[in-house]
Amino acid sequence: MKASRMMLRPATHRLVTEVYGSLDYGALGPVYCYEGGNEFWRAKRGPCDRLGSRVAVALRKKLGRGGRSLYVGAGVAELPALIMETVELSRTVEPYNLRKAEVVALNPACHSIPLTFHPADAANAKGRFDHLWIVSVLNDPERFPHLSPLSYGRGNPLTLDPLKFGKERRSVRALVARCMGKLARPGFVTTTTEEVLWIAEWCHRHRVPYRVGKHQYPTALVGDPICFIEIGKRGKRSGGSVRKSYGR
């Protein structure tokens, strides 16, 4: 019994393996790499399955049956969590991804689950969700090239363009506001440790209690550690393990 709590159910694991085996990695190569896409996926396919399943097992302990999850920027790495929620918890999952080429490659491999990725902005999602997944989105170096280096502590004061940085910061805050506005309370957010401060800032602005979990889980593609945040749960001290002041 203890072992089953530490791994996906056999049927779920088979589905995850089948989906990864059905993906068109030739089409996915250019989505993730300027060159060397085939080599990239030969190295990352196994870790995506293994590390993604570890995160899915941890997430299973946090979520209830029959709820709704909004996945922002979901792709190949999110497959184990998405499949687990659908198959093991009978939850409704809505994954959004602005990379249309990735969506085109993902949906045919997921048709039997069924699981459908939406090539649109997650702000278009309707209704309320009790779980928000937003991993390696708010610090994406392609979308936010001036903000991302600062997220990783690599900002260069000599080359930083404050106007472009300010524009990207406003975009990130707006994205967080749109997504957090769809989250029911109490709820959960899955994000990376580098992105926690954006969620925390929103909570401080809206006087919503939150608690950042102590456990972290490595990711296969980007390497940013994933953590879980409880949002709006009464009896929890606002701020949890985060002790920072956020400027406006």
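Under 4.0 Å is where a charged nitrogen must lie from a carboxylate oxygen, and between Glu168 and Lys164 no such pair does. Between Arg60 and Glu85, no side-chain nitrogen of the basic residue sits less than 4.0 Å from a carboxylate oxygen of the acidic one, so the salt-bridge criterion is not met.
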(message) Please evaluate residues Val76 and Val31 with respect to the criterion side chain to side chain contact (heavy atoms under 4.5 Å, CB included), reporting the C-alpha separation (whole Å), side-chain torsions for both, the decisive distance (0.1 Å), and the verdict.
(response) CA-CA 11 Å; Val76 176; Val31 176; over 6 Å; no
(message) Before you tell me yes or no, could you show the steps for Tyr217 and Val57 under side chain to side chain contact (heavy atoms under 4.5 Å, CB included), namely the whole-Å CA-CA distance, both residues' side-chain angles and the distance that decides it to 0.1 Å?
(response) CA-CA 11 Å; Tyr217 305 87; Val57 169; over 6 Å; no
(request) Please lay out, stage by stage, how Arg173 and Arg205 fare under the test side chain to side chain contact (heavy atoms under 4.5 Å, CB included). (result) CA-CA 11 Å; Arg173 281 174 166 164; Arg205 285 175 178 266; 3.4 Å; yes
(message) Would Phe188 and His131 count as a ring pair (Phe, Tyr, Trp, His ring centres under 6.0 Å) here? Give the steps.
(response) CA-CA 5 Å; Phe188 275 97; His131 171 227; 7.6 Å; no
(request) Let me see the working for Thr12 and Glu88 under side-chain hydrogen bond (donor to acceptor under 3.5 Å, both in side chains), right down to the final yes or no. (result) CA-CA 7 Å; Thr12 309; Glu88 297 194 11; 2.7 Å; yes
(request) Please report the C-alpha distance between Leu160 and Phe165 in whole Å, then the side-chain angles of each, then the deciding distance to 0.1 Å, and finally whether the side chain to side chain contact (heavy atoms under 4.5 Å, CB included) criterion is met. (result) CA-CA 7 Å; Leu160 176 67; Phe165 169 79; 3.9 Å; yes
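At distances below 3.5 Å, at least one donor-acceptor pair connects side-chain atoms of Asn97 with backbone N or O atoms of Ala74. The closest donor-acceptor contact from the side chain of Lys182 to the backbone of Gly127 lies at 3.5 Å or more, if one exists at all. Listed for the Ser90 side chain is no donor-acceptor partner under 3.5 Å among the backbone atoms of Thr86. Checked by atom type and distance alone, the side chain of His206 pairs as donor or acceptor with a backbone atom of Trp202 at under 3.5 Å. For the pair Ser148 (side chain) and Asn139 (backbone), a donor-acceptor distance under 3.5 Å is present. With Thr219 contributing its side chain and Asp224 its backbone, the two residues share a donor-acceptor pair below 3.5 Å.
Separating the CG atom in Leu89 from the CZ atom in Arg65 is a distance of 6.0 Å, to the nearest 0.5 Å. Residue Leu23 holds its CG atom at 9.5 Å from SG of Cys48, rounded to the nearest 0.5 Å. For the atom pair Phe144 CZ and Leu138 CG, the distance stands at 7.0 Å (nearest 0.5 Å). Taking SG of Cys227 as the start and CD of Glu195 as the end, the distance is 9.0 Å to the nearest 0.5 Å. The CD1 atom of Ile231 sits 7.0 Å away from the CD1 atom of Ile199 when rounded to the nearest 0.5 Å. Rounded to the nearest 0.5 Å, atoms CG (Asp49) and CZ (Arg54) are 11.5 Å apart.
Sorted by first and then second residue, the salt bridge (Lys or Arg N to Asp or Glu O under 4.0 Å) pairs with a member in residues 113-141 read Arg91-Asp130, Asp121-Arg178; sequence neighbours excluded. Legend: side-chain hydrogen bond (donor to acceptor under 3.5 Å, both in side chains) pairs involving residues 15-33, not counting sequence neighbours, sorted by first then second residue: Tyr32-Glu102.
Ring-centre distance between His215 and Phe228: not below the 6.0 Å cut-off.
Taking the salt bridge (Lys or Arg N to Asp or Glu O under 4.0 Å) definition, one finds that Arg99 meets it with Glu142, sequence neighbours left out. Judged as a ring pair (Phe, Tyr, Trp, His ring centres under 6.0 Å), and not counting sequence neighbours, His111 has no contacts. By the ring pair (Phe, Tyr, Trp, His ring centres under 6.0 Å) test, Phe129 is found to be paired with no residue, residues two or more places apart in sequence or in another chain being considered.
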Acceptor/donor pairs from residues 38-46 side chains to any protein atom, 3.5 angstrom cut, sequence neighbours excluded:
unit_1: Lys44; atom_1: NZ; unit_2: Ala220; atom_2: O; d: 2.9

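Listed here is the closest heavy atom pair of Leu79 and Leu106: CD1-CD2, 4.1 Å.
Under the 4.5 Å side-chain heavy-atom criterion for Ile, Leu, Val, Met, Phe, Trp and Tyr, Ile229 and Val172 are members of the same hydrophobic cluster.
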